[in-house]
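Lettering follows sequence order; numbering is per chain, from 1. In this text, all values refer to a predicted model and were calculated from it rather than measured experimentally.
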2 protein chains.
Amino acid sequence: MVTITDIANALGITPSTVSRALAGNPRVKEETRSAVLEAANRMGYQRNVVAANLRRGRSDIVGIVVPRINREFFSNVISGAESILDEAGYSTLICQTQESFDSEVKALRNLRNNQVAGVLMSHAINSPDGSHILPTLGDIPVVQFDRVFNDIPGAKVFGANFDGAYKATRHLIEAGYKRIGTLAGYLGTEVYAERLRGYRKALEDCGMLLDDSIVFPNAIVWQTGHDATLSAIAAGCDALYSAGDFSALGAVAALQEKGISVPRDFGIVGTANEFFTALMTPSLSSLEQHPYEMGREAAKAFLQSRSDVTVIPMDLHIRQSSNRNAI
Amino acid sequence: MVTITDIANALGITPSTVSRALAGNPRVKEETRSAVLEAANRMGYQRNVVAANLRRGRSDIVGIVVPRINREFFSNVISGAESILDEAGYSTLICQTQESFDSEVKALRNLRNNQVAGVLMSHAINSPDGSHILPTLGDIPVVQFDRVFNDIPGAKVFGANFDGAYKATRHLIEAGYKRIGTLAGYLGTEVYAERLRGYRKALEDCGMLLDDSIVFPNAIVWQTGHDATLSAIAAGCDALYSAGDFSALGAVAALQEKGISVPRDFGIVGTANEFFTALMTPSLSSLEQHPYEMGREAAKAFLQSRSDVTVIPMDLHIRQSSNRNAI
DNA sequence: GACAAATATACAAACGTTTGCACAATTTCC
DNA sequence: GGAAATTGTGCAAACGTTTGTATATTTGTC
């Protein structure tokens, strides 16, 4: 492995000059710089990033912590963030927590130990609060996206969850559904709490009854969505706003089991606009969260070391599952 | 930031002893070890991995290079690999190349510069050959999975592509389809070439005509699958084995446009068993590649520094799109 | 009790880079 | 033409850890 010392020896200069030449320091003569570059190239020099990081006390790696990478939402956030970080010369270290709090702590500790320059994160759904973040990361800047803890300092980027849920619910109302419940997700997580508020506001604005017995918290994956929907049917619902697409998928399955026609007798809108929503029958109306954009914004917030809040609008994609007027 | 030197000073011993104590070196007295551990704990010591890596000349990071992370297949390979690497004390550095050769070279270089302990990779579809791998990675062990270059040394893990394609094609034949084409993917990539061979062998074994005009190479995403299918229809095909699920999706769309009934008048089988295949109408028959298992095997091959070949069986999931006999 | 063997710790160098400071050489300015 | 500013390079320390070798201490054996 060839080092800057090797280059320095070959040229009869010192490692410090080589280092400066390679770093583009303006204090080294143009002539020397080109000689160094030529030698580095010829000798096949590759910078030892580890050594550099040790000396500088930080690296050019940005950690990205997500619950799972095989969600359309998170993988697109990652791609968006990478698109920005890449051209800024950073590489990314992706960690998935599999929705486990312990894994999340481990991931953050790991990132800290690797002296990452920053962390973009969306916490595991059952992380009780953000009190583990600062102690683990120390002074490493953290940008939270989507699932954020409001009491943690640093930038935050998330979707317009209130507005989105409001739109979705309002759309169901306007389609003529009369008793609209919600698969609400984990209400300890801010995004889901917001969506519930948006759902409530829509009902309220339209003079509809707020009935807590048709708010189903913790319904977020296929199975819980399915089971909650059976309860919703029993409770006389004729529509559901689901805070997730996978739970909405379970809901559709439950409705099909019961022989209830969607959208004729039951309307449903999901959230996340997963790839499959457009493919299923009936296709699933869903809220698009613009994850790619969100990833880009999170990366930018890190690069500019901002610590403000960015809200990304959410768009409703109306498909068959709620489009009663089209049948 | 507290270092081993701080701990050493606090206890009146030297950093080397602290280092050995923390590393579990049996040459340090049990008494000293526990004192070190206690002090480390009390003082909030966190190992500086970067410094350790520099000294050791390698890290406990394993790089995983994939074309895209938002594919059911790749994200599950990653999860499988992580499950093994995690418990062996490694963390993972995930890079997506977005199917670009240049990104792949950049990713490998980046991993090399970060002194990763090893690399698990599946090359970009248009990487011409593996000649960039060794020069970039030097002596870092590389395990190739799924898309492998046979002439690169090191372990390889891939699916039984020949058998899988054979099974899929044979299934179409047995369902009574008469003129079966294939959306073959990039034939420069070994997995696709193998699938084509399996497809051919099945036709041959059943005494059917081999017709190169209904072999559609480079059909691999929605659009190319869609377009090739229009040609297949024009060429009188009544079935397609598709080497990918996204191209099969495009195929179904093309058939629907043309008003051709699936599976009654046209059969189709995809590959990868993406999540959406079970949800669409008609649901798509597809080959399951057991990516999670593949990831685990790749990680094990790295840990055991093997350099052999592991083949993972592929299973056919028969769904509506080819199940003519069920209608 | 002398000597060898085993045990436990210390010393110091090394990993490859960055960077503050010093210094020499050159240029600029009055 | 001399002082001051500028430019280009070298020196050496530092980042925090690991590890080969040396040294000190304890244990074991006859």
Side-chain angles (χ1 to χ4, degrees), chain A residues 1-37 39-40 43-61 89 109-110 112-117 138-140, chain B residues 1-37 39-40 43-61 89 109-110 112-117 138-140:
Chain A
M1 218 72 309
V2 27
T3 71
I4 54 170
T5 313
D6 297 333
I7 298 179
N9 291 340
L11 295 172
I13 57 177
T14 60
S16 36
T17 304
V18 176
S19 173
R20 281 189 261 256
L22 293 171
N25 188 316
R27 296 190 46 143
V28 19
K29 217 194 320 187
E30 190 45 48
E31 193 184 321
T32 327
R33 183 205 317 290
S34 54
V36 167
L37 256 50
M43 302 170 70
Y45 169 75
Q46 292 281 346
R47 180 160 177 269
N48 185 324
V49 180
V50 176
N53 289 350
L54 173 59
R55 167 63 222 221
R56 298 190 310 154
R58 63 184 190 82
S59 73
D60 287 335
I61 300 179
R109 190 173 300 146
N110 186 20
R112 210 283 293 275
N113 291 354
N114 280 288
Q115 319 233 94
V116 296
D139 54 358
I140 298 173
Chain B
M1 217 72 308
V2 26
T3 73
I4 55 170
T5 312
D6 297 333
I7 298 180
N9 291 341
L11 295 172
I13 58 179
T14 61
S16 39
T17 303
V18 175
S19 173
R20 282 188 256 259
L22 292 171
N25 188 314
R27 295 188 47 145
V28 22
K29 217 193 325 187
E30 190 46 48
E31 196 183 318
T32 328
R33 183 202 319 289
S34 54
V36 168
L37 258 49
M43 301 170 72
Y45 169 75
Q46 292 282 344
R47 180 162 176 268
N48 184 326
V49 181
V50 176
N53 289 350
L54 173 59
R55 168 62 223 221
R56 296 190 311 155
R58 61 184 189 82
S59 72
D60 287 334
I61 300 180
R109 190 173 300 145
N110 186 19
R112 211 281 295 274
N113 291 355
N114 279 289
Q115 319 235 92
V116 296
D139 55 357
I140 298 173

- Query: When you measure from the side chain of A:Asn25 to the backbone N and O of A:Arg27, does any donor-acceptor pair fall under 3.5 Å?
  - Reply: yes
- Who pairs with B:Asn48 by side-chain contact (heavy atoms from CB on, under 4.5 Å), at least two apart in sequence or on another chain? A:Leu54, A:Gln115, B:Val50, B:Ala51
- Message: A:Asn9: which residues meet the side-chain contact (heavy atoms from CB on, under 4.5 Å) condition with it, sequence neighbours left out?
- Response: A:Thr5
- Note on the structure: From CZ of A:Arg33 across to C1' of D:dG8 the rounded distance in Å is 12 Å
- Sequence neighbours excluded, the answer for salt bridge (Lys or Arg N to Asp or Glu O under 4.0 Å) partners of A:Glu31 is none
- Task: Please list, chain by chain and in numerical order, all residues satisfying side-chain contact (heavy atoms from CB on, under 4.5 Å) with B:Ser34, sequence neighbours excluded.
- Result: none
- Distance, rounded to the nearest Å, where A:Arg27 contributes CZ and C:dT18 contributes P: 17 Å
- Could you pull out all residues at least two apart from B:Met1 that satisfy side-chain contact (heavy atoms from CB on, under 4.5 Å)? A:Arg112
- Query: Bend angle of the helix from C:dG1-D:dC30 to C:dC30-D:dG1 from five-pair axes at both ends, rounded to 10°?
  - Reply: 40°
- Task: Quick one: list whatever passes side-chain hydrogen bond (donor to acceptor under 3.5 Å, both in side chains) with B:Thr17, sequence neighbours left out.
- Result: B:Thr14
- To the nearest angstrom, how far is A:Ile13 atom CD1 from D:dG8 atom P? 14 Å
- Interatomic distance where CG belongs to B:Asn25 and C1' belongs to C:dA10 [whole Å]: 14 Å
- Sequence-distant partners of B:Arg20, side-chain hydrogen bond (donor to acceptor under 3.5 Å, both in side chains), two or more places apart: none
- Note on the structure: Counting primed atoms, P, OP1 and OP2 as sugar-phosphate and everything else as base, the B/S/- map of nucleotides 15-20 of chain D against protein heavy atoms under 4.0 Å is BBBBBB
